[in-house]
S.K.: 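The structure is given below, and queries will be raised subsequently.
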Amino acid sequence: MLKLIIFGPPSAGKGTQAQRLSKKYGIPQVSTGDLLREAVAKQTPLGVKIKSYLDTGKLGPDDLIVQLIKDRVSQPDASNGYLLDGFPRTIGQSTELDKMTEIDLVLNINVDLELLVERAVGRRICTKCASVYHVKFNRSKAEGVCDKCGTALIQRDDDKEATVRNRLNVYKDQTAPLIDHFKKKGNLVDIDGSKGIEDVFLQMTAAIDRLSK
Ligand code: ADP
Ligand code: ZN
C-alpha cells in the first residue's frame with residue numbers, strides 16, 4: 001500500500017510528476033483538477049455546479065470535492081494505493097482526509113512565483129488522456145498534438161495570466177497553510193521544483209524509496 005500526496009502551488013509540476021510516479025509505482029493518479037474538468041466536459045450535475053469556480057480560479061466547495069475523492073479512491077484500481085494531486089487544498093479538506101486514511105508521504109514542490117506564471121501560461125494539455133506539455137519546457141513532438149494519443153492540445157481556460165495570479169493568491173491564502181499541518185504530522189518532504197522534469201522526478205523517487213527502508 002502506498003498513499004502519496006503531491007503538493008505545491010498551481011503549475012509547480014504536480015500533474016507532470018504524478019503521471020510519471022503513477023506509472024513507476026503502479027498506483028493511479030487521483031487529480032481533482034482532471035476529475036472536475038471531466039465532470040464539466042460531460043456536464044454532469046457536479047460539473048454544472050462547479051464550472052464557474054474553475055473558470056475564475058476559485059476553489060470548489062469542500063463537501064463536493066471530498067465526495068469526488070472518496071468515490072475515486074474506492075475504485076478497484078486504487079486498492080494498492082494512490083497519488084493525490086490537487087487534494088487536499090483547504091484545512092477543511094485536510095481534516096476530512098485525516099478522518100479517512102493515513103498518508104505515507106507528502107511531496108511538497110517549491111517553485112518561485114514568476115516561474116510558476118511562466119509554466120502556467122505555456123502549459124498545454126490533452127483533453128483525452130490528460131498528458132501535460134509546455135510550449136517551451138516540455139514540447140510535444142508535433143506542435144499542438146499529443147504524443148501519446150494524437151489529440152489536439154489545448155490551453156486550459158484557467159491558464160490565462162490574470163486567472164493564474166488569482167489561483168496563486170488562493171493557494172497562498174488557503175492551501176499553503178497546510179504545509180504546517182503536514183510538517184507537524186512528520187510526513188512531508190521538500191522538493192526543489194525549479195529544476196528540470198527529470199531532476200524533480202529523481203528527488204521524488206529517492207524520497208519514496210526511502211520509505212520502504
Ligand atoms: P500542476 O499540476 O502543479 O498545476 P503541471 O504538471 O501541469 O503543474 O506543470 C505546469 C507546466 O509546467 C506544464 O506546462 C509542464 O509541462 C511544465 N513543467 C512541469 N514541470 C516542469 C519542470 N520541472 N521544468 C519546466 N517545466 C515544467
Ligand atoms: Zn493525449
Side-chain angles (χ1 to χ4, degrees), residues 4-24 28-38 41 53-55 57-60 65 69 82-89 106-161 163-172 174-176 178-179 189-207:
L4 304 171
I5 294 177
I6 191 156
F7 194 83
S11 66
K14 297 184 294 296
T16 301
Q17 298 299 336
Q19 281 190 335
R20 289 170 166 74
L21 293 170
S22 163
K23 210 166 167 193
K24 179 168 164 90
Q29 169 196 6
V30 176
S31 157
T32 350
D34 289 346
L35 290 171
L36 290 171
R37 280 187 291 278
E38 190 189 310
Y53 290 93
L54 287 187
D55 288 349
K58 275 195 258 166
L59 298 178
I65 308 291
I69 294 294
Y82 44 82
L83 171 56
L84 296 177
D85 164 14
F87 180 90
R89 271 215 169 103
V106 180
L107 300 155
N108 179 39
I109 312 179
N110 296 285
V111 183
D112 281 346
L113 186 79
E114 284 314 308
L115 197 51
L116 289 174
V117 175
E118 193 183 6
R119 284 188 186 177
V121 172
R123 168 162 49 197
R124 299 293 180 270
I125 61 163
C126 172
T127 48
K128 190 163 174 211
C129 75
S131 293
V132 186
Y133 301 88
H134 191 282
V135 292
K136 188 164 144 198
F137 303 129
N138 185 22
R139 304 168 65 140
S140 54
K141 292 195 185 87
E143 202 185 313
V145 182
C146 180
D147 291 350
K148 285 191 193 128
C149 73
T151 305
L153 302 177
I154 62 147
Q155 182 176 33
R156 280 165 42 177
D157 285 341
D158 61 354
D159 276 345
K160 307 280 170 343
E161 183 158 346
T163 313
V164 169
R165 296 208 179 262
N166 215 359
R167 283 162 53 217
L168 288 170
N169 282 329
V170 171
Y171 172 82
K172 246 194 323 201
Q174 299 194 49
T175 309
L178 295 183
I179 293 173
V189 60
D190 279 306
I191 302 292
D192 177 1
S194 64
K195 300 282 188 344
I197 291 172
E198 271 315 310
D199 184 295
V200 175
F201 184 65
L202 284 175
Q203 293 177 55
M204 291 183 171
T205 55

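Atom set for the values below is all heavy atoms of this structure, side chains included, hydrogens, waters and symmetry mates excluded. We count ligands from 1, going down the list as the structure has it; atoms in each ligand are counted the same way. Positions are given from 1 along the sequence.
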S.K.: More than 12 heavy atoms of other residues, nucleotides or ligands under 6.0 Å from NZ of Lys160: is that the case?
M.R.: yes

S.K.: I'd like to check whether Lys14 has a polar contact with ligand 1, where a contact means an N/O of the residue lying under 3.5 Å from an N/O of the ligand.
M.R.: yes

S.K.: Taking NZ, NE, NH1 and NH2 as the nitrogens, is one of them in Glu114 or Arg165 under 4.0 Å from a carboxylate oxygen of the other?
M.R.: yes

S.K.: Verify the neighbour count for atom CG of Asp192: are there more than 12 heavy atoms of other residues, nucleotides or ligands below 6.0 Å?
M.R.: yes

S.K.: Which ligand 1 atoms are under 4.0 Å away from a heavy-atom of Asn138?
M.R.: 16 (O)

S.K.: Given atoms SG of Cys129 and SG of Cys146, what angle do they subtend at the Zn ion (ligand 2), to the nearest 10 degrees?
M.R.: 100°

S.K.: Side chain or backbone, does Lys195 bring an N or O within less than 3.5 Å of an N or O on ligand 1?
M.R.: yes

S.K.: Is ligand 1 under 4.0 Å from a heavy atom in the side chain of Gln17, in the backbone, in both, or in neither?
M.R.: neither

S.K.: Under 4.0 Å from any heavy atom of Gly15, which atoms of ligand 1 are there?
M.R.: 1 (P), 2 (O), 6 (O)

S.K.: Any N or O of Ala12 that comes nearer than 3.5 Å to an N or O of ligand 1?
M.R.: yes

S.K.: What protein heavy atom lies closest to atom 7 (O) of ligand 1? Include the residue and the distance to one decimal.
M.R.: Arg123 NH1, 2.5 Å

S.K.: Considering only the protein, which heavy-atom contact is closest to atom 11 (C) of ligand 1, and what is its distance?
M.R.: Arg119 O, 3.5 Å

S.K.: How far is atom 21 (C) of ligand 1 from its nearest protein heavy atom, and which residue and atom name does that atom have?
M.R.: Ile197 CG1, 3.4 Å

S.K.: For Pro10, is at least one N or O under 3.5 Å away from an N or O on ligand 1?
M.R.: no

S.K.: Can you tell me the protein heavy atom closest to atom 14 (O) of ligand 1 and the distance?
M.R.: Tyr133 O, 2.8 Å

S.K.: For Phe137 and ligand 1, does the shortest N/O to N/O distance drop below 3.5 Å?
M.R.: no

S.K.: Report the part of Thr16 in contact with ligand 1, treating N, CA, C, O as backbone and CB onward as side chain, heavy atoms under 4.0 Å; options are side chain, backbone, both, neither.
M.R.: both

